[in-house]
4 protein chains.
Amino acid sequence: MATPHHPRRSDTRRRIQDVALELFSEHGYEKTSLREIAERLDVTKAALYYHFKTKEDILVSLADDLAGPVDELIAWAESQPRNLATKQEMLRRYSDALWNAAPLFRFIQENQATVRDLSIGESIKSRVNALNEMLKEPRSSVSAQVRCMTALFAMHAGMFATQNIEGDPQEKRAAILEVALDLVAQAEASVVPG
Amino acid sequence: MATPHHPRRSDTRRRIQDVALELFSEHGYEKTSLREIAERLDVTKAALYYHFKTKEDILVSLADDLAGPVDELIAWAESQPRNLATKQEMLRRYSDALWNAAPLFRFIQENQATVRDLSIGESIKSRVNALNEMLKEPRSSVSAQVRCMTALFAMHAGMFATQNIEGDPQEKRAAILEVALDLVAQAEASVVPG
Amino acid sequence: MATPHHPRRSDTRRRIQDVALELFSEHGYEKTSLREIAERLDVTKAALYYHFKTKEDILVSLADDLAGPVDELIAWAESQPRNLATKQEMLRRYSDALWNAAPLFRFIQENQATVRDLSIGESIKSRVNALNEMLKEPRSSVSAQVRCMTALFAMHAGMFATQNIEGDPQEKRAAILEVALDLVAQAEASVVPG
Amino acid sequence: MATPHHPRRSDTRRRIQDVALELFSEHGYEKTSLREIAERLDVTKAALYYHFKTKEDILVSLADDLAGPVDELIAWAESQPRNLATKQEMLRRYSDALWNAAPLFRFIQENQATVRDLSIGESIKSRVNALNEMLKEPRSSVSAQVRCMTALFAMHAGMFATQNIEGDPQEKRAAILEVALDLVAQAEASVVPG
DNA sequence: GATGAATGAGGTTTCATTCAT
DNA sequence: AATGAATGAAACCTCATTCAT
């Protein structure tokens with residue numbers, strides 16, 4: 001079973017995760033204290049330690065929610081022919097994964113220095129690298145590689161840096177995806193087949 | 001002889017800034033303690049407080065180094081005709097500004113959550129917004145606006161996320177700029193003159 | 001067996017209050033550090049913060065012990081006819097209240113500048129004012145009003161400035177009360193009934 | 001000469017005293033830092049140390065201003081016959097001394113705990129005791145002694161606790177003196193001549 | 001499934017003071 | 001007559017964590 005302790009796992013665990021993510025996202029990981037989390041939940045700090053071994057553990061548990069879908073996406077991409085259609089479908093699926101875990105993602109984006117030193121840092125970095133490797137062609141030009149990297153980062157940045165663009169969220173999200181798809185297409189076009 | 005008045009008038013202030021930036025960059029703002037900074041300089045913590053009113057003040061003083069050039073760039077752009085050539089020159093100059101303050105910029109990029117809650121947050125945000133406003137045409141399509149924003153963020157991300165691209169730094173920097181210029185050109189092209 | 005629920009449920013909170021009052025009284029509020037309090041109790045400073053939110057909070061908790069009885073006294077006086085007998089009974093009861101919280105009162109008397117800037121300052125001031133207002137007749141002469149004020153302050157000063165008067169404490173206390181009663185009687189006598 | 005350093009002593013010294021007294025009086029001795037004093041004078045902290053050896057020294061120099069007149073008063077009283085007229089004249093002169101050094105006096109009154117531990121503490125205490133000894137008759141009743149003490153403290157308290165009595169300052173001051181004179185007269189009256 | 005009580009380490013900041021210039 | 005630079009000590013306070021109950 002996926003639930004280690006109890007068939008019907010206490011919902012406190014999930015409430016802790018929710019509040020923690022909210023606060024981490026709002027003020028950053030370091031500035032969010034376990035006291036704050038506990039207070040907002042109206043439990044004691046000690047209660048948090050019943051559900052999680054450490055503060056970092058709360059974050060790890062959150063990151064796992066993002067890791068799964070991305071791993072699936074990578075596995076899928078590896079099973080496909082390495083062509084433009086696959087790459088673009090990757091971006092589409094990545095867009096879904098990101099928007100399904102938007103608050104966590106915002107947190108990662110805004111707390112890179114912290115995340116880097118935590119155990120989830122390596123795990124995130126390796127997944128982004130994996131995606132990047134699959135988007136770019138090994139021997140393409142530097143600017144083609146930059147285009148692929150930019151496609152990825154445009155999607156990351158697009159999740160929270162579009163406040164000063166008018167338009168409804170879905171429209172913006174679509175536009176971001178379109179730009180990313182475009183960048184990858186341009187990168188691909190510049191590669192001389194051979 | 002080079003310094004006319006005081007032969008060896010304290011360079012401690014600058015040394016504090018240097019070490020602070022180095023450590024902030026390395027471990028993040030919150031995880032860098034004043035004790036660490038002081039120890040590495042072999043002065044007491046109190047000495048830091050002689051030169052800076054608070055920890056945040058050290059950061060503010062560093063940020064001012066970036067703000068100046070960017071403000072000049074904005075002022076210049078405002079004095080120019082609002083056309084593609086101007087926008088592209090803006091990006092070239094922005095690239096210079098960023099690379100001249102690369103460590104500080106890396107710090108800001110990796111500590112957004114922290115910076116947001118500090119006094120420099122607003123100052124940075126408003127400058128990035130200003131640049132963004134000048135790049136995009138008011139009534140262009142959402143995807144054109146996303147392209148402009150992406151141009152900016154590509155430059156930001158490009159400063160530290162290009163480790164897994166081979167090529168010498170200058171070449172990579174040029175490639176990033178090229179991609180950014182391209183994005184702005186594409187955004188401009190999509191606007192029907194009116 | 002005396003304490004039904006927790007056989008030895010922490011009396012630390014009360015011990016902190018006791019030690020704090022002792023030290024505040026001895027060296028003043030500002031010169032008493034939390035380290036001293038903690039050391040004398042053989043706990044860590046952090047333990048103090050488990051029981052009290054701030055240093056000031058310790059003092060506030062102490063002041064509450066005095067506020068209660070005085071409030072009762074004021075409430076009682078308000079329910080009585082405003083005549084000399086009531087006023088004199090007020091002074092008697094006030095004397096009791098003061099002597100029941102003598103160390104705290106001594107502290108307040110000797111740390112007025114400190115207390116004034118703390119949250120308890122206003123609370124004390126308003127109670128003393130209330131007492132004063134009830135003692136004096138609204139339109140009596142200035143010297144009658146001074147007599148009432150002096151009655152109050154004689155009781156305050158009497159708590160710690162009688163070392164160079166011989167006699168046992170109870171006798172001195174009685175004498176102070178007598179003088180205060182007298183002063184109020186004189187103030188009352190000077191008012192022409194109208 | 002009374003001026004140790006220079007015939008025409010710098011006025012900075014006096015300005016330091018003035019500002020220090022003002023701040024000590026306003027926030028208390030411990031809460032007033034040398035930095036504050038220096039900043040308000042627009043000099044550096046080091047400048048204060050040119051004029052005074054320590055922080056306490058500033059206070060001592062201020063207290064000397066009060067000590068002189070009071071010593072004169074005590075000396076005068078010792079040269080007079082010990083009777084009611086002398087005692088009452090003492091109070092009149094003491095009233096003058098107090099009002100001439102009102103801010104310092106307010107400070108002492110409100111910072112007793114601090115003052116007690118400083119070098120000026122003993123000096124003040126001994127003078128107040130001396131005054132008290134001269135007012136009261138050695139073998140009078142406890143309540144007569146309390147009346148004398150109260151006369152003294154009424155004058156002290158009267159300097160700053162009369163805000164809620166209407167009337168112009170001089171009128172209030174006169175009333176306070178009147179009450180004090182009365183108290184001493186009553187004390188005297190109760191002594192059976194022996 | 002959680003609490004109450006506490007700790008040890010460390011944080012930022014302030015202070016009175018010194019001393020060469 | 002005063003400054004600039006620095007120090008050592010100590011202040012208040014917060015944090016993640018532990019553990020018996």
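Reminder, nothing fancy here: chain letters follow the sequence lines and each chain counts from 1. Since this is a predicted model, take the numbers as computed values, not measurements.
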Item to check | Whether C:Glu36 side chain and C:Ser33 backbone form a donor-acceptor pair below 3.5 Å | outcome: yes
Item to check | side chain to side chain donor-acceptor pair (under 3.5 Å) evaluation trace for A:Gln109 with A:Arg106 | outcome: CA-CA 5 Å; A:Gln109 186 73 9; A:Arg106 179 185 173 203; over 6 Å; no
Checklist outcome for this item: Note: contacts of residues 38-47 of chain D with DNA chain E (heavy atom, under 4.0 Å) are D:Lys45, D:Ala46
Checklist entry - Out of curiosity, D:Gln112 CD to D:Ile124 CD1, how far, rounded to the nearest 0.5 Å? => result 9.5 Å
Checklist entry - Does OP1 or OP2 of E:dA2 have a side-chain N or O of A:Thr12 closer than 4.0 Å? => result yes
Checklist outcome for this item: Separation of F:dA16 atom C1' from A:Lys31 atom NZ, nearest Å, is 18 Å
Checklist entry - Out of curiosity, D:Glu30 CD to C:Asn111 CG, how far, rounded to the nearest 0.5 Å? => result 8.5 Å
Item to check | Rounded distance in Å - CZ (C:Arg13) to P (E:dA6) | outcome: 12 Å
Checklist entry - Considering only heavy atoms from C-beta outward, does the side chain of A:Leu59 approach that of A:Phe107 to under 4.5 Å? => result yes
Checklist entry - Okay, side chain of B:Lys55, backbone of B:Thr32: is any donor-acceptor separation there less than 3.5 Å? => result yes
Next on the checklist: Rounded to whole Å, how long is the line connecting atom CD1 of D:Ile16 with atom P of F:dA1?
Outcome noted: 11 Å
Item to check | Note, A:His27 side chain near A:Leu23 side chain (heavy atom, < 4.5 Å) | outcome: yes
Checklist entry - Can you tell me how far P of E:dA5 sits from CG of C:Asp11, to the nearest Å? => result 11 Å
Next on the checklist: Pick the closest DNA chain E nucleotide for D:Thr32 and for B:Glu30 by heavy atoms, then say which residue is nearer the 5' end.
Outcome noted: B:Glu30
Item to check | Presence of B:Ser33 side-chain N/O under 4.0 Å of E:dG11 phosphate oxygens OP1/OP2 | outcome: yes
Checklist entry - Taking 4.0 angstrom as the limit, do B:Arg116 and A:Glu110 come out as a salt bridge? => result yes
Item to check | Selection: residues 51-60 of chain A, any non-hydrogen atom under 4.0 Å of DNA chain F | outcome: A:Thr54, A:Lys55
Next on the checklist: Check this one for me: any side-chain N or O of C:Tyr50 less than 4.0 Å away from OP1 or OP2 of E:dA5?
Outcome noted: yes
Checklist entry - Do D:Asp11 and D:Arg15 touch side chain to side chain, with heavy atoms closer than 4.5 Å? => result yes
Next on the checklist: F:dT14, OP1 or OP2 - any side-chain N/O from A:Arg35 closer than 4.0 Å?
Outcome noted: no
Item to check | Backbone N/O of B:Ile58 and side chain of B:Ser61: donor-acceptor pair under 3.5 Å | outcome: yes
Next on the checklist: Tell me the interatomic distance from A:Ile37, atom CD1, to F:dT14, atom P, rounded to whole angstroms.
Outcome noted: 17 Å
Item to check | Rounded to 10 degrees, the angle between the two terminal axes of the helix from E:dA2-F:dT21 to E:dT21-F:dA2, each from five pairs | outcome: 20°
Next on the checklist: Check this for me, if you would: do A:Glu22 and A:Arg40 make a salt bridge, where the nitrogen-to-carboxylate-oxygen distance has to be below 4.0 angstrom?
Outcome noted: yes
Checklist outcome for this item: note: C:Leu48, atom CG; F:dA11, atom P; distance rounded to Å ~ 13 Å
Checklist entry - On DNA chain F, nearest-nucleotide positions of C:Tyr29 versus A:Tyr49: which is more 5'? => result C:Tyr29
Checklist entry - Do A:Tyr29 side-chain atoms and A:Glu56 backbone N/O form a donor-acceptor pair below 3.5 Å? => result yes
Checklist entry - Whole-Å distance between E:dT13 P and B:Leu34 CG? => result 7 Å
